[in-house]
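Below you'll find the structure, written out as structure tokens, and then a few comments.
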Amino acid sequence: MKRFKFLLLGIFTLLSQLVFSQDVTSKINSGDTAWMLISTALVMFMTAPALALFYGGLVKRKNVLNILMQCFITLAVVSLLWVICGYTLSFSPKSLIPGFIGNFDFAFLKNVGLGASDTYATTIPHLLFVIYQGMFAVITPALIIGAFAERMKFSSFLIFVIVWCIFVYFPVAHWIWSTDGWLFKLGVVDFAGGIVVHINAGIASLVAAIMIGKRKYLKPTPPHNLTFTMFGAAMLWFGWFGFNAGSALGANGLAANAFVVTNTAAAAAVVIWFILDLFFVKKPTMLGSATGAIAGLAAITPAAGFVDVGASIVIGAASSLICYFMVVFVKNKIGYDDALDAFGVHGIGGIFGSIIVGVFASPLIQSAYSGLLFGNPKQLFIQVFGSVVVIVYSLVLTIIIFKVIDIFMGLRVSEKEEAMGLDITQHNERGYTVIE
Amino acid sequence: MKRFKFLLLGIFTLLSQLVFSQDVTSKINSGDTAWMLISTALVMFMTAPALALFYGGLVKRKNVLNILMQCFITLAVVSLLWVICGYTLSFSPKSLIPGFIGNFDFAFLKNVGLGASDTYATTIPHLLFVIYQGMFAVITPALIIGAFAERMKFSSFLIFVIVWCIFVYFPVAHWIWSTDGWLFKLGVVDFAGGIVVHINAGIASLVAAIMIGKRKYLKPTPPHNLTFTMFGAAMLWFGWFGFNAGSALGANGLAANAFVVTNTAAAAAVVIWFILDLFFVKKPTMLGSATGAIAGLAAITPAAGFVDVGASIVIGAASSLICYFMVVFVKNKIGYDDALDAFGVHGIGGIFGSIIVGVFASPLIQSAYSGLLFGNPKQLFIQVFGSVVVIVYSLVLTIIIFKVIDIFMGLRVSEKEEAMGLDITQHNERGYTVIE
Amino acid sequence: MKRFKFLLLGIFTLLSQLVFSQDVTSKINSGDTAWMLISTALVMFMTAPALALFYGGLVKRKNVLNILMQCFITLAVVSLLWVICGYTLSFSPKSLIPGFIGNFDFAFLKNVGLGASDTYATTIPHLLFVIYQGMFAVITPALIIGAFAERMKFSSFLIFVIVWCIFVYFPVAHWIWSTDGWLFKLGVVDFAGGIVVHINAGIASLVAAIMIGKRKYLKPTPPHNLTFTMFGAAMLWFGWFGFNAGSALGANGLAANAFVVTNTAAAAAVVIWFILDLFFVKKPTMLGSATGAIAGLAAITPAAGFVDVGASIVIGAASSLICYFMVVFVKNKIGYDDALDAFGVHGIGGIFGSIIVGVFASPLIQSAYSGLLFGNPKQLFIQVFGSVVVIVYSLVLTIIIFKVIDIFMGLRVSEKEEAMGLDITQHNERGYTVIE
Amino acid sequence: MKLIIAIIQPHRLEEVKDELYHAGINLITVSEVLGHGRQKGVTEYYRGTKESGNLLRKIRLEIAVNEEFVEPTIKALIKGAKTGEVGDGKIFVYDLNECIRIRTEERGPNAIG
Amino acid sequence: MKLIIAIIQPHRLEEVKDELYHAGINLITVSEVLGHGRQKGVTEYYRGTKESGNLLRKIRLEIAVNEEFVEPTIKALIKGAKTGEVGDGKIFVYDLNECIRIRTEERGPNAIG
Amino acid sequence: MKLIIAIIQPHRLEEVKDELYHAGINLITVSEVLGHGRQKGVTEYYRGTKESGNLLRKIRLEIAVNEEFVEPTIKALIKGAKTGEVGDGKIFVYDLNECIRIRTEERGPNAIG
Ligand SMILES: Nc1ncnc2c1ncn2[C@@H]1O[C@H](COP(=O)(O)OP(=O)(O)O)[C@@H](O)[C@H]1O
Ligand SMILES: Nc1ncnc2c1ncn2[C@@H]1O[C@H](COP(=O)(O)OP(=O)(O)O)[C@@H](O)[C@H]1O
Ligand SMILES: Nc1ncnc2c1ncn2[C@@H]1O[C@H](COP(=O)(O)OP(=O)(O)O)[C@@H](O)[C@H]1O
């Protein structure tokens, strides 16, 4: 604790001496800034409370606080990590390893000012771009929580989040979103994080689910509070407008298009899951509809700024179909325990969306970007290539990280702790009183 | 299911060939766009999670998921319906039947571009106007859920929502909000949906409650979770700022006025319900305060862009008073089972507000609009006329729709299903675990 | 009730005759307006549902509605009070008692128009500034609810809120935020309410907790629903962006800075509380992390527009440390029953932040403001002076108000009512059904 | 003195309370339980995973009565709870050795009512 | 061996637990029930609709003891739970035929404590 | 006829149900209770305030059986619930005077199954 305080004081002294670039008023568009301020808040809202509600409702009562705590602490820790080194490693246009990772020009946000950046989002304050991107860094590891829910040691979880951000998220974000990124230069497009967020977190989830092993109990238990899950899904949908339409980085027609296709893809995905539920389990389910919405939202994420409304319906519907089969059939066949389907929904939806944007990207939305259907088959190959690269990278790195953590501190709580629940054993608290 | 996919593919092919109007940058105001983007998200937030929380908390535990599912599926289905044909039927300035219903110029949002519309909201992307209006189409049928809660077959509900949107919501929206609408041309004003949303849904609720009949049980059961209802009411209040202040279609003084009067009317309505509760049941109740807020918000909706703060206090207070008597006395006297008071609050509040705006509309807010108090008694007559027309239309059409659905598929679940609860019988799920 | 209606009619008649200033379009910046519209909604969201969730989850099941009702009715009553006399008493640049309290120029919002104010926030509609400030007036007394939770008579509570606003909040807001305020003129800075909101409410909480006395029961009961508390904390964090970044009164670099430092201070505070929990109770707790976040947010509030990111980490961390010791050690030592730690977190965090801004205020953020570290020790003294003045004022006035209410109507419910719970005894309702 | 425990369908609670009231039985203790009986548990699905054999919600009534009230209580319970369908529940009767009213410290048959 | 069931006011639980502890009784099972007794149920109002005759929250204690502990347990229960007001609750005592500790499979009086 | 009450660990419920099923016992009533036994309650902390002596979640099973099923039921319960650690719970057995199936109004041993 003491050391930490010294560290903080050190950081502060450093910062106090920095000179902020002060060309505040130049170029800044207040409308774009207004939209990006609220979009940033919306993306923050997705991690907590939205994802916390969504995931928290799905677990057993005795593990609910553990999920909530994981979401909350991820928000806190990654927020700090981001201003310290995350932003600069991800977005610095100059690089430590060219194309691969940024240098420390913006460490502790030095050289980031209230004025606009020259490189990114040139109509809003640079600081605002930083924090907007920071919220993406927050939610990505938070998504993985779904995979190892109800059995991971909290200390190991925390180390994992930090290490994974540094070695997986920051580099991948750099590759695809930095002007210096090698995949960016190759022409890989990812409007709001289909590759960087969803594939990345989805693949890590698959690894996590397999490496940590199944939960120990005879039969699956139903979600302890499906109303929370529904409220969470609705709030994710709401926040996703900031996620996708915010990725236009301004209040303009592109944002409007992203907003509309996000909503329509989610809607189409809900309807398809509904129909599949009708077909396979005879009744439409609330959990199914909520899951479908997320499948649609994940898939439209990389495409929201490139495709039109028609394509969004197809993308949402197809993503829902594919995720349904993954979650309901494939997962149970293969037998890994992706507890809350972080891979089955985010991973699969993200892969599908990231590739399919190479088919549907329409020059009528952004004239510089066309997909297969508009005579540019190359984009499809680029998208496949970019996706595969990130799948492999995330897979390998996550395996290594989990392995190392396992060796040093173990991944799982003891069987007895799992039986008693993680709330009481990891946090000395209970979610709800039984008797008062 | 297969058919549906073919349909989707068809739709897509169609759309891919469309040429979007591309004058994106012209005329678009980024501040107005920022406000309308977030307003749209806020109105979405009202249907889910806000209304889902509000209504969901009021029913019995065994029916909570059914309510949530109805809200969620309405969001999905009407979102799709809106981009397919809803927007064009409602807002196309050219018409199939002049003054009555739009033509198919904007079907599948063809001819809707990223640039501004010539007709509506000329400072924001046309697509944004589309989706903003779409969220109104979503919430209107969702309000009706309160009337037939705890006893309607889910399949019949779903058909009802679709048919009702097509035959009731889209036409009525056209009459009043399209530049081609006959009531619009007559001079009926409805700032944010007092007639189109609240009267319309409220009357349909009355019909629904009567035609589906009472819930079967000896005594009323208390709301299963009043905290949800309070959170929902607060979130509705929050979302309503997007609903009313967003209806200014820009970030300007009119929006600010709508914001303030919305808040003040809700506040006055809460206080009046509070006082009436004190008087009639001796204690102020949480449910009463939440209900009062909605009564005030519904009433100020048509008036928010026309009246000043003083008038808003009167409108909120009076609406609360009238709704109180409807809900507490008249309903029980007459004896229909408007389960969650969708008619008693939204319908009555909407009627009152839609008429009273003809009294209080002040030229100091929008110079073109004056009410009785400002020397223009004609507006009052027009408002009464418009309201009566929509009341009659919604009444007759809803009766017909319910009748036809009743004949073909029945309206109610069986008595046994009602006893077991709709969650388990309609969705094969339960909201909460009892034992783990 | 009748009298109240007459009053309302009177108010209305008065207002209808007012002339609104009509220079609507001049000077108004739509981007700034968009941001302030949504910021206002965000601050409203903080009182309900956010604070209601946060506080509601912490109490016993039998008292949850009482907390929710207190939040909700505060929103309603103070909203009305604000438009009637609150705004004018707080912000009128002309004064009844010079420097101390505003005059009635803006009573009932007369002379407040859709155009911009000459004095405050000159790029947004004056009405919008009014309602934005109104939401601060709403949340301040709502914070105090935490101190007397689970035992205060509802009627006495309501009177307290009204009287306290008039005699404490409005004057203090005038001193510090009105251009006429004596502390404002002295140079006391308070970006978003560290003194006006947090110190003010915090000190009143301390008084309340002591004067009303301890809750009667043998042992402390755990929070009835910690998930609500976590959702509330996350929503408060979300809303706080409107609170702090909104206090820039525009969508600009200053807002972006306030946004970033708000987030970072909260994050640092969470991490420190986490570490202290690890140290003292061996496990990191969800409630601790949520509490830490609020401690950081309260402390950064007065500083958000003056300090940089580095300072925000120090401020958040230090506030968390201090509040931890207050809440965990000092409170139990001294023995007053600040039930939900309104003083321990808001009060202490507010005092710390309000003073420390005098150290860290950096001219690189706002060139006109420097603190000790930037060669201006005077600011620190001014901040200490301003804080002490408000501490003393709030302390003395709150004691008097509580005393008078105690004499006339009593503060506490009876012991039997406390045992039965406030929901059933104060509101004739229950939060949840047990059996259905 | 006897103690009667009845397990009934949740939606019959109001009727049962009414019948008991008419039979002069006012003092009851009620709780929520889950039951597994002849009634087939409803199948639930969560993301396509079937959960059968689930326990169903039931209401448990606990009624302490003096001997002469045993049969009237049973009759009232049956009258209120019987729908004729599987799942209607059971009534169990035990001997009660002692009953004490906490408020007055009275014991025995007098303390029951 | 006897089984003692006590229905008490929720807010007396802590006191009752303390008294039992002082009487040497540490093993108890507690659950939440609703009770309808002499105490008039509180009236609730929902949108002006009165709901009377509602059941009140109570706590149910289940304590298995050997004969010599029966009276001390009853005394402790009364001491902890009695406020003298209607609603204080009841204590019921039954015969217990057998008691088994699952962990050790011990039976009879030894298994109780 | 006997009534068997078992207090078990919540996470053993599925195993216990399985064992009962294999022993031919299908009719059970389950509820959630809090227990205080030899097992030390877990300590909870809320803002640094310690809450010890807390009650732990347990599951209560109520099974009415005819005499010949008593031992098989006990065996099944032990088999399913025993982990050998403190906190495994207890089984209590009582005499049951009467049992009535509400649906058919059957009485006695026939009504139990
Ligand atoms: N032998 C028993 N022991 C414990 N509980 C029982 C027993 N038999 C029935 N029950 C309870 O009664 C409920 C209804 O029993 P069930 O067999 O479904 O109805 P029916 O008697 O109408 O066939 C069950 O869910 C269970 O809770
Ligand atoms: N004969 C009974 N059978 C079952 N439960 C009873 C009986 N008598 C009392 N109870 C339980 O005890 C609680 C308290 O009883 P009540 O009559 O209100 O108190 P008092 O005994 O002080 O008059 C009741 O709410 C009910 O749960
Ligand atoms: N004498 C008793 N009376 C009532 N309940 C008991 C009694 N003994 C045990 N229990 C219940 O059984 C549970 C397990 O008992 P415990 O003593 O922890 O386990 P073990 O028997 O394995 O030592 C307790 O939590 C309590 O609910």
Part of B/A266 within contact of chain C (heavy atom distance under 4.5 Å): neither
Most contacts with chain B, counted as non-hydrogen pairs under 4.5 angstrom, among C/I38, C/L53, C/T40: C/L53
Flag side-chain contact, heavy atom, 4.5 Å: B/W237 against C/L75: yes
Top contributor to chain B interface from C/L37, C/L128, C/T433 [non-hydrogen pairs under 4.5 Å]: C/L37
Contacts with chain B made by residues 130-139 of chain C (heavy-atom distance under 4.5 Å), listed by residue number: C/I131, C/M135
From C/F54, C/F228, C/F45, C/F72, residue fulfilling ring pair (Phe, Tyr, Trp, His ring centres under 6.0 Å) relative to B/F231: C/F228
Distance (rounded to the nearest 0.5 Å) between C/D423 CG and B/T285 OG1: 11.5 Å
Chain B contact via C/M235 - side chain, backbone, both or neither, heavy atoms under 4.5 Å: side chain
CA sep, side-chain torsions, deciding dist, call: C/Y432, B/L226, side chain to side chain contact (heavy atoms under 4.5 Å, CB included): CA-CA 6 Å; C/Y432 316 95; B/L226 267 186; over 6 Å; no
Contacting region of C/I124 [heavy-atom separation from chain B under 4.5 Å]: neither
Contacting region of B/F274 [heavy-atom separation from chain C under 4.5 Å]: side chain
B/I313 CD1 to C/F108 CZ distance, which is reported to the nearest 0.5 Å: 7.5 Å
Working for side chain to side chain contact (heavy atoms under 4.5 Å, CB included), residues B/S289 and C/I73: CA-CA 8 Å; B/S289 299; C/I73 212 72; 4.1 Å; yes
Segment of B/V281 engaging chain C (4.5 angstrom heavy-atom cut-off): backbone
Any residue of residues 57-69 of chain C which, by heavy atoms, sits under 4.5 Å from chain B: C/V64, C/L65, C/L68, C/M69
Rounded distance (nearest 0.5 Å) linking atom CH2 of B/W35 with atom CE of C/M36: 11.5 Å
N/O donor-acceptor pair under 3.5 Å between C/H427 side chain and B/P284 backbone: yes
Nearest heavy atoms of B/V271 and C/A76, plus distance in Å: CG2-CB, 4.4 Å
Heavy-atom closest pair, residues B/A267 and C/S79: CB-CB, 3.7 Å
Structural part of B/A293 lying under 4.5 Å from a heavy atom of chain C: side chain
Heavy-atom side-chain proximity of B/D277 to C/N428 below 4.5 angstrom: no
For the student: nearest non-hydrogen atoms of B/M230 and C/A48, plus distance: CE-CB, 3.9 Å
Heavy-atom pairs under 4.5 Å with chain C, option from B/T227, B/T123, B/V270 with the top count: B/T227
Nearest non-hydrogen partners of C/S30 and B/N29, listed with the distance: OG-OD1, 2.7 Å
Shortest non-hydrogen contact from B/M286 toward C/E429: N-OE1, 2.6 Å
Chain B contact via C/T47 - side chain, backbone, both or neither, heavy atoms under 4.5 Å: neither
Residue C/V434 versus chain B: region with a heavy atom under 4.5 Å: backbone
Engaged part of C/P125 at the chain B interface, taking heavy atoms whose separation is under 4.5 Å: side chain
Portion of C/L81 that has a non-hydrogen atom of chain B nearer than 4.5 angstrom: neither
Exercise: identify the closest heavy-atom pair between B/A268 and C/L80: CA-CD1, 3.9 Å
Side-chain donor or acceptor of C/Q426 paired with backbone N/O of B/K283 under 3.5 Å: no
